[in-house]
Amino acid sequence: MTPTLDQLHEHRTAVDTPLFSGLPGDVAVSFEFFPPKSEKMEAQLWDAVQQLKPLDPSFVSVTYGAGGSTRERTHATVARIIAEAKLPAAAHLTCVGASKAEIREVAEHYWEAGVRHIVALRGDAGEPGAPFVPHPEGFASAAELVKGLKEIADFEISVAAYPETHPDADCPQADIDNLKRKLDAGATRAISQFFFSADTFFRFRDELAKNGIEQPVLPGILPVTNVAQARKFAGACGAQIPEWMDGLFEGLDERPAARQLVAATVAAELCRRLYAGGVRDFHFYTLNRPELAYAICHMLGKRPKGDVR
C-alpha cells in the first residue's frame with residue numbers, strides 16, 4: 001500500500017536525529033519582565049531575575065503600562081536590576097498619555113539611573129480595541145519617539161516588529177514601511193511580537209530583506225501555559241493561535257505542572273526550528289515565570305556562564 005504524505009512524514013520522524021542533539025549553545029538570549037504590583041510579586045520578579053541571570057542575557061527589559069500606569073515601578077525595577085543584578089536592563093517607554101516634555105523627563109531620569117537601552121513603543125490605549133490617540137503635545141508614532149529619544153541621549157533603542165501585521169496597519173507592506181521608519185530614525189534592533197510558526201518568522205524575515213531592512217530582528221518567544229490568556233494577548237497584536245494548540249492543553253486546567261511541561265516542549269520546538277533557519281538570538285516573554293525560559297534555553301544548549309559540561 002502506498003503511504004500518504006502524512007505517513008511519510010511520520011516515518012521520517014522515527015529515524016530523524018533528535019531535535020536537540022548536540023546543539024553547541026551558540027545562542028544569545030534576552031528576557032522581558034513586567035513590573036510588580038505588590039511585595040509578593042516583587043519577590044517573584046527578583047527570583048526570576050536571579051534564576052535567569054546565570055544565562056548571561058544580552059539584556060533584560062521591563063514593560064511599561066499604558067498612560068504611565070506603571071511608570072514608577074518600571075523605573076524602580078530597572079534601576080534595581082542594573083544596580084544589584086548588574087545586568088544590562090532596558091526600560092519600555094510609550095507615547096501614550098504623555099507630552100514630549102514628560103517623556104524627556106522620564107528619559108533623563110533613566111539615563112541618570114544608568115539605563116542605556118530603551119524599548120520604544122507607540123503603545124495602545126488602555127481599553128482593548130480603542131484607537132490610539134496621540135497626546136496633543138506628544139509623539140504621534142514610535143518613529144517620532146525614537147527620533148526624540150536619540151536627541152535626548154545616545155540610547156540604544158529597540159522597537160517592535162509584527163510578523164503577522166499589526167492590527168492598526170492597512171496592510172502588511174504598510175506595517176513593514178512603519179518598521180523601516182522606526183529603524184531609520186535610529187533604532188538598533190527590532191523585537192518581534194510572539195508567533196507560533198517558524199514559517200511565519202521566516203517569511204517575515206524574507207520580506208524585510210526585500211525592503212532593505214538589515215538591522216537584526218529578534219524573534220519574541222511566548223511559552224504558553226494558558227491558551228485563553230494567550231488568545232487575549234494575540235487579539236491585541238494580530239498574532240494567530242493555531243487550533244492544534246487548544247488540543248494540546250485540553251484537560252490540563254487543573255494540572256499546572258503538566259501544562260508547564262507541554263508549554264516548554266511547544267516553545268522549545270519552535271526555537272529549534274528557528275535555530276535550523278539560522279536564528280541565533282532569542283527574546284523570551286517570561287511573564288515573570290523563569291522556569292520555562294530557562295528550560296528552553298537549556299534545550300538549545302545554553303548553559304550558565306562559566307559552567308563546564
Side-chain angles (χ1 to χ4, degrees), residues 30-53 57-128 130 132 135 138-139 142 145-146 148-149 152-153 155-160 191 193-194 220 222-223 225-226 229-230 232-233 236-237 283-294:
S30 54
F31 306 107
E32 179 183 290
F33 305 106
F34 59 82
K37 297 181 180 180
S38 65
E39 288 186 8
K40 180 179 179 181
M41 291 177 69
E42 184 172 356
Q44 180 185 3
L45 166 62
W46 198 245
D47 177 66
V49 170
Q50 293 298 322
Q51 287 196 47
L52 294 173
K53 177 181 176 179
S58 304
F59 65 91
V60 301
S61 68
V62 181
T63 61
Y64 183 90
S69 60
T70 62
R71 179 181 299 170
E72 296 304 320
R73 288 194 298 272
T74 296
H75 188 284
T77 300
V78 172
R80 185 183 181 191
I81 290 172
I82 292 172
E84 297 183 33
K86 309 298 184 185
L87 287 173
H92 287 220
L93 193 54
T94 76
C95 303
V96 177
S99 68
K100 293 179 181 179
E102 289 171 324
I103 287 176
R104 171 176 282 275
E105 183 180 2
V106 171
E108 288 174 346
H109 286 165
Y110 278 142
W111 189 267
E112 292 168 5
V115 178
R116 297 295 180 264
H117 183 177
I118 287 181
V119 179
L121 308 164
R122 188 202 70 179
D124 297 312
E127 293 298 322
F132 169 76
H135 187 284
F139 295 109
L145 176 60
V146 171
L149 289 171
I152 295 168
F155 286 108
E156 177 182 352
I157 298 178
S158 297
V159 294
I191 300 170
Q193 189 50 261
F194 63 84
L222 176 67
T225 57
N226 184 321
Q229 182 186 50
K232 181 179 178 181
F233 292 160
C237 67
H283 184 76
F284 292 91
Y285 298 109
T286 70
L287 302 182
N288 292 10
R289 296 194 294 264
E291 298 86 358
L292 296 180
Y294 192 100

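This chain uses plain numbering: 1 for the first residue, then up along the sequence.
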Exercise for the section: Kindly determine whether F59 and H283 satisfy ring pair (Phe, Tyr, Trp, His ring centres under 6.0 Å), including the steps that lead there. Expected result: CA-CA 9 Å; F59 65 91; H283 184 76; 5.7 Å; yes
Determine the minimum heavy-atom distance between [X] and [Y], stating which atoms define it.
X: V146; Y: A120; answer: CG2-CB, 3.9 Å
X: L45; Y: F34; answer: CD2-O, 4.1 Å
X: F155; Y: L149; answer: CD1-O, 3.8 Å
X: V49; Y: A85; answer: CG1-CB, 3.9 Å
X: A79; Y: A113; answer: CB-CB, 4.4 Å
X: P88; Y: S58; answer: CG-O, 3.1 Å

Report yes or no: does [X] contribute a side-chain atom to a donor-acceptor pair with the main-chain N or O of [Y] at less than 3.5 Å?
X: T74; Y: T63; value: yes
X: T286; Y: E32; value: yes
X: R122; Y: T94; value: no

Flag the pair [X] / [Y] as yes when at least one side-chain heavy-atom distance between them is below 4.5 Å, and no otherwise.
X: Y285; Y: I191; answer: yes
X: L52; Y: V60; answer: no
X: L121; Y: H92; answer: yes
X: Y110; Y: I82; answer: no
X: T77; Y: P36; answer: yes
X: I103; Y: F139; answer: yes

Handout entry: side chain to side chain contact (heavy atoms under 4.5 Å, CB included) evaluation trace for M41 with N288
Key = CA-CA 9 Å; M41 291 177 69; N288 292 10; 5.5 Å; no
Problem - Listed partners of S158 passing side-chain hydrogen bond (donor to acceptor under 3.5 Å, both in side chains), at least two apart - result: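 With neighbours one apart ignored, the set is H117, R189.
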In Å, rounded to the nearest 0.5 Å, how long is the span from [atom1] of [X] to [atom2] of [Y]?
X: I152; Y: W111; atom1: CD1; atom2: CH2; value: 11.0 Å
X: Q51; Y: R289; atom1: CD; atom2: CZ; value: 13.0 Å
X: F284; Y: Y294; atom1: CZ; atom2: OH; value: 12.5 Å
X: F31; Y: K53; atom1: CZ; atom2: NZ; value: 13.5 Å
X: K86; Y: I81; atom1: NZ; atom2: CD1; value: 13.0 Å

Exercise for the section: Begin with the C-alpha distance, continue with both residues' side-chain angles, and end with the deciding distance and a verdict on side chain to side chain contact (heavy atoms under 4.5 Å, CB included) for T225 and L292. Expected result: CA-CA 10 Å; T225 57; L292 296 180; 3.5 Å; yes
Handout entry: Sole residue of R80, K37, R73 in salt bridge (charged side-chain N to carboxylate O under 4.0 Å, His left out) with E42
Key =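 For E42, the salt bridge (charged side-chain N to carboxylate O under 4.0 Å, His left out) test succeeds with only one of R80, K37, R73, which is R80.
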